[in-house]
Amino acid sequence: MYDCDEVPDEHFPALLAYLEGLRGRARELTVQKAEALMRELDEGGPGADPRLLEKTQRIRQVLQLLS
């Protein structure tokens, strides 16, 4: 869901709306996986692939929504 090739920008708001309805364990797991991915991307440092910037923005949006 964080890759714009897999989920195009025009569909991402619909995905966020769906995620907003998550409850319980599904919500917890989604947050845990997003946090883990964010840590992984942070470890890549500034020399990381420029496409990762968009992925990072999407992860932040998901974390903001669910946290």
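Because the structure is a prediction, the values reported are computed rather than measured. Residue indices begin at 1 and follow the sequence shown.
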If every non-hydrogen atom of [X] is compared with every non-hydrogen atom of [Y], which pair is closest and at what distance?
| X | Y | result |
| --- | --- | --- |
| Leu63 | Glu35 | CD2-CG, 3.7 Å |
| Arg27 | Leu19 | NH1-O, 4.4 Å |
| Ala34 | Ile59 | O-CG2, 3.5 Å |
| Arg58 | Asp3 | NH1-O, 3.7 Å |
| Gln61 | Leu16 | NE2-CD1, 4.0 Å |

Between Met1 and Leu52, is there shared hydrophobic-cluster membership here, with clusters defined by ILVMFWY side-chain heavy atoms closer than 4.5 Å? yes

Does Tyr2 belong to the same Ile/Leu/Val/Met/Phe/Trp/Tyr cluster as Leu29, with side-chain heavy atoms less than 4.5 Å apart forming each link?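 The answer is no; the residues belong to distinct hydrophobic clusters.
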
Mind running side chain to side chain contact (heavy atoms under 4.5 Å, CB included) on Phe12 and Val62 for me, showing each step along the way? CA-CA 10 Å; Phe12 193 66; Val62 169; 4.2 Å; yes

Hey, could you give me the [atom1]/[atom2] distance between [X] and [Y], rounded to the nearest 0.5 Å?
| X | Y | atom1 | atom2 | result |
| --- | --- | --- | --- | --- |
| Glu40 | Lys33 | CD | NZ | 13.0 Å |
| Gln32 | Leu37 | CD | CG | 13.5 Å |
| Cys4 | His11 | SG | NE2 | 12.5 Å |
| Glu28 | Leu22 | CD | CG | 11.0 Å |

Sub-4.5 Å side-chain heavy-atom contact between Arg39 and Asp42: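 Sidechains of Asp42 and Arg39: no contact.
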
